[in-house]
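Take a look at the structure below.
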Amino acid sequence: MARGCVLLDRDGVINHDSPDYILSAAQWRPIDGSLEAIAALNAAGLTVAVCSNQSAVGRGMLAPATLQAIHELMHQALAAVGGHLDGVFVCPHAPAADCRCRKPRPGLLQQALEQFDCAPERALMIGDSRRDLIAAERSGVEGWLVKTGNGAALADELGPATPVYPDLAAAVPAILRRLPTTHGVAP
Ligand SMILES: [Mg+2]
Ligand SMILES: [Zn+2]
């Protein structure tokens with residue numbers, strides 16, 4: 001059975017965002033319940049991956065090794081609650097690079113779908129910014145908004161077609177209803 005795939009923006013969905021970027025592991029602070037939410041999605045047999053713009057790398061403000069250290073911390077924090085990420089897809093480019101992977105372009109999401117051999121209809125993108133939702137739409141993936149990070153300001157501007165949840169933890173029951181899980185399936 002093909003697994004469903006949950007694509008998550010990082011900043012403002014998994015961890016608190018900052019207008020000055022997250023530039024060190026010390027600045028990476030998980031949003032309450034987000035790590036446990038990922039663990040619950042793992043337990044349901046869903047593939048979970050991050051699709052994140054990190055233009056601070058391309059702007060010369062964040063060394064790739066530091067970004068790696070931040071993601072090490074994220075993996076460790078997840079493991080401590082029994083969760084994991086199946087992939088972390090990053091666009092490191094500055095906007096001027098005009099790359100194909102920087103959201104709102106669809107390249108990053110397409111990379112993830114391809115790696116996991118997941119049809120867009122079996123995936124969801126969950127983000128806190130308009131560019132997450134646009135990247136989702138352009139990849140044929142349904143986009144949902146969480147009101148953490150930038151999402152609170154955006155929620156009122158969206159039409160009724162976009163599902164909105166207070167945070168990732170609050171979205172879990174709906175994700176489990178929407179995507180094919182292994183619940184109830186004999187091993
Ligand atoms: Mg974000
Ligand atoms: Zn890029």
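Counting starts at 1 for both ligands and their atoms, following the listed order. If you read the sequence from its start, that first residue is 1, and numbering goes on from there.
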Distance below 2.8 Å from the Zn ion (ligand 2): protein N/O/S atoms: Cys91 SG, His93 ND1, Cys99 SG, Cys101 SG
Metal site the Mg ion (ligand 1), protein N/O/S atoms found under 2.8 Å: 3
Criterion side-chain hydrogen bond (donor to acceptor under 3.5 Å, both in side chains) on Asp86 and Thr47, from CA distance to verdict: CA-CA 6 Å; Asp86 297 288; Thr47 298; 4.6 Å; no
Presence of salt bridge, Asp98 and Arg105, under 4.0 angstrom: yes
Side-chain donor-acceptor pair present, Gln27, Asn15, cut-off under 3.5 Å: no
Enclosure of Glu142 CD (heavy-atom neighbours >12, cutoff 6.0 Å): yes
Flag for Thr148-Asp167: side-chain donor and acceptor within less than 3.5 Å: no
Check: Thr66 side chain, Leu62 main-chain N or O, donor-acceptor pair, under 3.5 Å: no
Aromatic ring pairing Phe89/Phe116, orientation class (parallel under 30°, perpendicular over 60°, tilted between): perpendicular
Within 6.0 Å of CZ in Arg59, more than 12 heavy atoms from elsewhere: yes
Worked check of side chain to side chain contact (heavy atoms under 4.5 Å, CB included) between Leu109 and Lys103: CA-CA 9 Å; Leu109 280 62; Lys103 295 175 290 182; 4.2 Å; yes
